[in-house]
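What follows is a set of notes on a single structure, which appears directly below.
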Amino acid sequence: MSVEHRQIVVIGGGAVGLSVAYHLGRLGQRDVLLLERDRLTSGSSWHAAGIVGPLRSSINLTSLAKYALELFVELEQETGQATGYCRTGGIWLAQNAERMTELRRIKAMGDRSGLDTQVLDPAAIGERLPFLHCDDLAGGLWVEQDGQVNPVDLCMAYARGARARGVEVREHSRVERIETRQQSVSAVLLADGGRIECERLVLCAGAWSRDLAATAGVDLALAACEHIYLVTDAVAGLPVPCPVIRDLDAGIYLKGDQGKLVLGAFEANPRAWRPRPDDDGFLMFDEDWQHVEPMLEAAIRRAPLIAGQGIAHFMNGPESFTPDTRQLMGEAPGCRNLFVAAGFNSIGIMSSAGVGKVMAEWVRDGEAPMDLWEVDLRRMDPLQADDAYLAARLPEAVHNQFAMHWPYKQYQSGRGLRRSVWHDRLARHGAVFGAPSGWERPLWFAADAAEAAPDYSYGAQPWWPAARRESLHCRDHVSLFELSPFGKFEVSGSGALGFLQQRCCGDVDIETGRALYSLMLNRRGGIEAEVTVTRLAAERFLVVGGAAARFKDFAWLRRTLAAGGDVDVRDVTEDYAVVGVMGPQARALLQELCESDLGDSACPHSSARSIVIDGRELLALRLSFVGEPGWELYLRQQDALPVFDRLLDVGVKYELGFAGHYALDACRLEAGYRHWGHDIGPGDTPEEAGLGFAVRLDKPCDFDGKAALLEERRRGPRRRLRLCEVDAGAVLILHDEPVYRGDEIVGHCTSGGQGYRSGKTLCFVLFYRGEIIDGFEIEVAGERFALRVLDRPPYRSRMQ
Ligand SMILES: Cc1cc2nc3c(=O)[nH]c(=O)nc-3n(C[C@H](O)[C@H](O)[C@H](O)COP(=O)(O)OP(=O)(O)OC[C@H]3O[C@@H](n4cnc5c(N)ncnc54)[C@H](O)[C@@H]3O)c2cc1C
């Protein structure tokens with residue numbers, strides 16, 4: 001058996017793996033080896049349609065995708081290998097007014113990202129593309145930078161560029177297994193018996209990534225299916241090059257190919273496919289003409305000149321999709337130095353440029369070079385890698401590519417992954433559930449059947465009346481909030497304090513029984529996690545973070561933990577159910593249930609006390625995220641239901657109500673609390689985020705990100721996040737809406753919503769310069785509204 005050693009091994013010779021290898025070479029990384037089991041491109045890349053569409057669903061993803069426009073040109077010049085890249089322009093069609101609103105919103109985000117876009121009415125579309133049937137259209141969005149590339153040529157250019165920079169690209173070398181030692185990658189074992197030890201491994205094996213990751217004990221939530229396009233014979237009258245046409249409401253796209261038309265679809269009934277390690281290269285599945293009939297009919301309706309054309313080629317090949325239609329990138333939780341870039345949901349060719357660049361930097365530095373949370377694989381719950389779950393979710397995920405991207409949309413399939421112990425109780429009280437982060441959580445509590453039916457819209461949300469009712473109830477009385485999905489970690493051992501001092505930028509050397517809001521920073525001073533640290537004993541801490549970031553927070557906490565050291569970090573999320581008891585009557589209610597003194601002096605804000613209700617001991621943390629006085633109660637699972645029921649019984653006297661996730665979000669916005677993942681993230685420093693109070697530069701020890709914060713202090717923050725009020729009545733503000741001063745875009749919204757207690761429409765805005773003046777406007781779906789920066793949050797309870 002041959003044994004080799006490499007610094008970095010990349011698995012997979014498709015567009016993504018080759019781009020990663022090329023960019024590692026560009027970064028000057030030495031001793032890089034790419035392994036491909038068959039020939040380069042033989043997985044999904046060889047048969048891609050090659051559409052390049054830089055306008056994505058968010059500012060960060062658009063900036064990542066836009067890099068392709070530069071790189072494809074540069075790569076050709078550098079390597080002498082043509083890539084077939086050309087800019088064709090493209091149109092996104094809308095068949096109804098709601099879709100048009102969606103496109104207007106996307107356009108605003110595109111403007112912010114520097115793309116040239118134009119809203120067109122049906123007549124203007126007909127003038128530009130006379131072969132399209134436009135009578136049934138509401139309009140469309142023209143994107144000047146849409147284009148296409150030849151996927152195989154692009155891959156060859158990456159390979160040539162990588163080799164020229166010293167990367168070894170080896171074909172016919174199948175990795176059979178990934179070997180780990182002490183939860184870190186140590187080697188790959190090849191099917192021919194070879195063994196290659198490596199320091200870092202990048203898994204870019206497309207649809208085959210899931211099974212390979214499993215050999216290292218890593219769960220990857222991706223599923224493969226057959227993905228199809230048809231190529232017509234040459235069509236007379238077609239412009240060359242032909243713009244990309246996406247008929248979103250029909251679920252189809254059209255693009256030109258040297259005088260022919262390529263027709264593809266994101267159908268609601270894709271055919272699932274299970275990859276196997278010994279699959280042939282260049283796989284092509286059966287021609288199922290019945291399956292493509294609806295797509296063909298839709299294409300003929302849109303471009304009648306196709307009718308009667310012969311089909312020159314039926315392409316049916318493998319592609320992988322993920323539960324939320326975004327790729328999986330980053331270091332695998334639970335296995336250090338194993339990096340993943342897979343699950344590209346039919347945009348892997350166009351994404352390969354930006355993905356290759358940031359992945360190479362991620363592998364080199366051990367930290368993502370920008371905020372990549374939306375595609376970070378640690379956003380996935382390991383339960384989402386389950387076969388049955390993926391089978392249920394796959395059709396909806398594929399169809400969702402072009403389906404309406406409604407605000408607050410919830411997936412229908414693959415639900416019920418995680419439920420709290422009092423789920424049924426909440427359901428009986430009218431909870432309308434959603435699963436924003438794996439867990440079923442009440443979004444709101446419906447007063448009747450009509451309120452329970454989620455009816456999506458880009459205008460006033462049907463749940464606004466419920467969220468308003470719940471917010472006001474919490475202001476006036478007391479309400480229960482379901483908080484069980486919080487990520488909860490116990491850090492213990494003689495080294496626990498020193499370990500947390502290094503991780504957190506606040507001084508966590510607090511008294512036992514105290515809690516501290518703190519941040520964990522990366523090397524650039526960016527906020528990787530937002531947590532509450534509670535000291536339970538001298539050498540025992542409870543660290544609590546948001547539900548969505550649970551697996552990322554845990555991985556971030558543990559990333560430098562040495563095995564067998566003096567610190568133990570455990571995920572105890574499932575051990576506790578948590579309920580928030582919030583509102584002016586919270587103290588009276590809890591005081592009636594327990595004998596401990598919950599008064600201000602015995603139990604001040606940010607204190608943690610063990611209290612007993614009905615003989616059951618629980619942890620009561622005096623904290624509130626909603627701007628009302630309140631407690632978070634942490635209960636052992638076996639104690640949770642009896643205590644919950646007691647709360648409900650005694651609560652009648654205090655008019656105890658329920659509040660859902662949407663009321664919680666509205667209340668936190670009004671109280672000026674930032675939301676990690678939306679308002680703040682790895683690209684924002686505490687100072688930029690307005691969270692400078694959480695940093696203790698003077699604490700008697702070093703902490704992650706300190707050097708970057710000192711540097712920032714010298715030069716001042718580059719940007720500023722501020723809470724703003726919008727003069728717009730009840731307009732729906734989501735995220736990424738651009739903010740103007742005159743004609744200049746000076747910032748963008750990070751989250752927004754209604755503040756029911758203050759009666760204001762609010763949003764957080766990230767301003768790109770340190771200095772904040774006035775005269776701002778926010779653009780929402782093509783309309784501008786005056787925006788005022790607030791000096792302080794518009795709501796604070798009189799009782800706090
Ligand atoms: C019909 C169709 C149309 C598409 N159209 C577009 C489009 O217009 N635009 C776009 O951007 N994308 C498009 N895509 C998607 C695109 O093809 C994929 O997203 C992209 O190719 C994924 O690239 P990858 O490198 O991640 O995976 P792959 O190309 O599958 O590469 C993975 C490689 O890993 C190798 N491998 C697997 N297992 C092992 C192992 N054990 N050891 C070593 N090597 C291994 C495989 O052989 C393969 O070569 C389309 C896909 C299909 C099917």
Side-chain angles (χ1 to χ4, degrees), residues 9-21 33-54 65 68 90 146-152 154-155 158 170-178 188-192 196 202-213 215 222 224-231 244 246 253 255 257 262-266 270 273 275-285 313-322 327-329 340-353 355-356 359 398 401:
V9 170
V10 179
I11 307 179
V16 174
L18 286 165
S19 176
V20 171
L33 169 66
L34 181 143
L35 298 171
E36 163 56 46
R37 71 186 176 125
D38 194 276
R39 278 161 48 212
L40 299 184
T41 76
S42 61
S44 290
S45 293
W46 69 282
H47 56 237
I51 292 172
V52 178
D146 271 349
Q148 62 184 52
V149 70
N150 181 337
V152 173
L154 173 68
C155 288
Y158 282 138
R170 197 183 289 173
E171 296 178 297
H172 304 291
S173 247
R174 177 156 69 82
V175 176
E176 204 163 62
R177 210 156 64 75
I178 298 168
V188 292
L189 305 181
L190 303 182
D192 66 7
I196 305 174
V202 199
L203 178 57
C204 309
W208 295 268
S209 303
R210 182 168 168 235
D211 290 341
L212 272 175
T215 65
L222 65 84
C225 73
E226 300 182 7
H227 196 44
I228 299 167
Y229 63 73
L230 306 177
V231 187
V244 180
R246 299 175 184 85
Y253 66 83
K255 67 162 274 249
D257 180 16
V262 176
L263 343 167
F266 291 99
W273 168 73
R276 299 164 54 89
D278 54 356
D279 281 326
D280 288 341
F282 304 100
L283 275 178
M284 274 182 68
F285 305 123
H313 185 46
F314 189 121
M315 178 63 236
N316 184 6
E319 172 60 340
S320 46
F321 288 82
T322 58
Q327 65 260 27
L328 307 175
M329 289 169 58
V340 177
F344 278 90
N345 299 279
S346 201
I347 57 163
I349 302 297
M350 67 170 95
S351 307
S352 62
V355 166
M359 279 310 300
V398 172
Q401 289 284 359

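Positions are given from 1, in the same order as the sequence printed here. Atoms within each ligand, like the ligands themselves, are counted from 1 in listed order.
- Rounded to the nearest 0.5 angstrom, Trp46 CH2 and Arg39 CZ are separated by 11.0 Å.
- Residue-ligand proximity: Ala15 is placed with a non-hydrogen atom under 4.0 Å from ligand 1.
- The closest donor-acceptor contact from the side chain of Ser209 to the backbone of Cys204 lies at 3.5 Å or more, if one exists at all.
- Every N/O-N/O distance between Met315 and ligand 1 stays at or above 3.5 Å.
- Near Phe344, with a cut-off below 4.0 Å to any heavy atom, the atoms of ligand 1 are 19 (O), 26 (O).
- The nearest protein atom to atom 27 (O) of ligand 1, hydrogens excluded, is given as Gly206 CA, 3.6 Å; this is a heavy-atom distance.
- Among Cys155, Gly348, Gly356, the residue whose heavy atom sits closest to atom 20 (C) of ligand 1 is Gly348.
- Residue Ile347 places a heavy atom under 4.0 Å from ligand 1.
- Atoms of ligand 1 lying under 4.0 Å from at least one heavy atom of Met350, given by number and element, are 10 (C), 11 (O).
- Residue, atom and distance of the protein heavy atom nearest to atom 53 (C) of ligand 1 are His47 NE2, 3.0 Å.
- The protein non-hydrogen atom at the shortest distance from atom 34 (O) of ligand 1 is Gly12 CA, 3.2 Å.
- Counting heavy atoms from C-beta on, the side chains of Asp279 and Trp273 come closer than 4.5 Å.
- The shortest contact between atom 12 (N) of ligand 1 and any protein heavy atom is with Ser346 O, 3.1 Å.
- Here Ala207 has no heavy atoms under 4.0 Å from ligand 1, in either its backbone or its side chain.
- Between the side chain of Ser19 and the main chain of Ser352, a donor-acceptor pair closer than 3.5 Å is present.
- Ligand 1 places these atoms under 4.0 Å from at least one heavy atom of Ile11: 42 (N), 43 (C), 44 (N).
- Of all the heavy atoms of Ile51, the ones lying under 4.0 Å from any atom of ligand 1 are found in both the backbone and the side chain.
- Look at Gly13 and you'll find a heavy atom under 4.0 Å from some atom of ligand 1.
- Ala342 does not count as a contact of ligand 1, since none of its heavy atoms falls under 4.0 Å from the ligand.
- When heavy-atom distances to ligand 1 are checked against a 4.0 Å cut-off, Ser173 comes that close only through its backbone atoms N, CA, C and O.
- Near Arg174, with a cut-off below 4.0 Å to any heavy atom, the atoms of ligand 1 are 41 (N), 42 (N).
- By the 4.5 Å heavy-atom criterion applied to side chains, Trp208 and Ser320 are not counted as neighbours.
- Here the CG-CD distance, from Leu222 to Gln327, works out to 11.5 Å after rounding to the nearest 0.5 Å.
- In terms of polar-atom proximity, defined here as any N/O pair under 3.5 Å, Arg37 does make such a contact with ligand 1.
- Under 4.0 Å from ligand 1, not a single heavy atom of Ala341 appears.
- Residue Ser45 has at least one N or O atom closer than 3.5 Å to an N or O atom of ligand 1.
- Between Val16 and ligand 1, at least one pair of N/O atoms sits closer than 3.5 Å.
- Only the side chain of Leu212 comes within 4.0 Å of ligand 1, counting heavy atoms alone; its backbone N, CA, C and O stay farther away.
- Here the heavy atom of the protein found nearest to atom 49 (O) of ligand 1 is Glu36 OE1, 2.7 Å.
- For atom 31 (O) of ligand 1, the closest non-hydrogen atom of the protein is Gly14 CA, 3.4 Å.
- At least one donor-acceptor pair closer than 3.5 Å links the side chain of Tyr229 to the backbone N or O of His47.
- The residue from Glu226, His227, Arg39 that puts a heavy atom closest to atom 1 (C) of ligand 1 is His227.
- If you check the side chains of Asn345 and Thr322, you find a donor sitting under 3.5 Å from an acceptor.
- Qualifying side chain to side chain contact (heavy atoms under 4.5 Å, CB included) partners for Ala48, counting only residues two or more places apart in sequence or in other chains: Pro151, Ile349.
- The environment of CZ in Arg170 is crowded: more than 12 heavy-atom neighbours from other residues, nucleotides or ligands sit within 6.0 Å.
- Atoms CZ and OG, on Phe344 and Ser351 in that order, are 6.0 Å from each other to the nearest 0.5 Å.
- Residue Val175 places at least one N or O, backbone or side chain, under 3.5 Å from an N or O of ligand 1.
- Considering every non-hydrogen atom in both Met329 and Val355, the closest pair reads SD-CG2, 3.9 Å.
- The structure places CD1 of Ile347 at 7.0 Å from CD of Gln401, a figure rounded to the nearest 0.5 Å.
- Using a 4.0 Å cutoff on heavy atoms, Ser351 does not count as a contact of ligand 1.
- Under a 4.0 Å heavy-atom criterion, Gly50 is in contact with ligand 1.
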Subject >> Worked verdict on Phe282 versus Asp38 for side chain to side chain contact (heavy atoms under 4.5 Å, CB included) >> reply: CA-CA 9 Å; Phe282 304 100; Asp38 194 276; 3.7 Å; yes
Original post:
Does the side chain to side chain contact (heavy atoms under 4.5 Å, CB included) test come out yes or no for Leu34 and Val20, once each step is laid out?
Top reply: CA-CA 9 Å; Leu34 181 143; Val20 171; over 6 Å; no
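- Only the side chain of Glu319 comes within 4.0 Å of ligand 1, judged by heavy-atom distances.
- Checking only distances, Ser44 does come within under 3.5 Å of ligand 1, N or O to N or O.
- Of the polar atoms of Ala49, at least one N or O is found under 3.5 Å from an N or O of ligand 1, judged by distance alone.
- Interatomic distance, His172 NE2 to Asp192 CG, rounded to the nearest 0.5 Å: 12.5 Å.
- Checked by atom type and distance alone, the side chain of Lys255 never pairs as donor or acceptor with a backbone atom of Gln148 at under 3.5 Å.
- Residue Cys204 has at least one heavy-atom neighbour below 4.0 Å for each of these atoms of ligand 1: 32 (C), 34 (O).
- From Leu263, atom CG reaches atom CE of Met315 across 14.0 Å, with rounding to the nearest 0.5 Å.
- For ligand 1, the atoms sitting less than 4.0 Å from at least one non-hydrogen atom of Leu35 are 43 (C), 44 (N), numbered in the order shown with element in parentheses.
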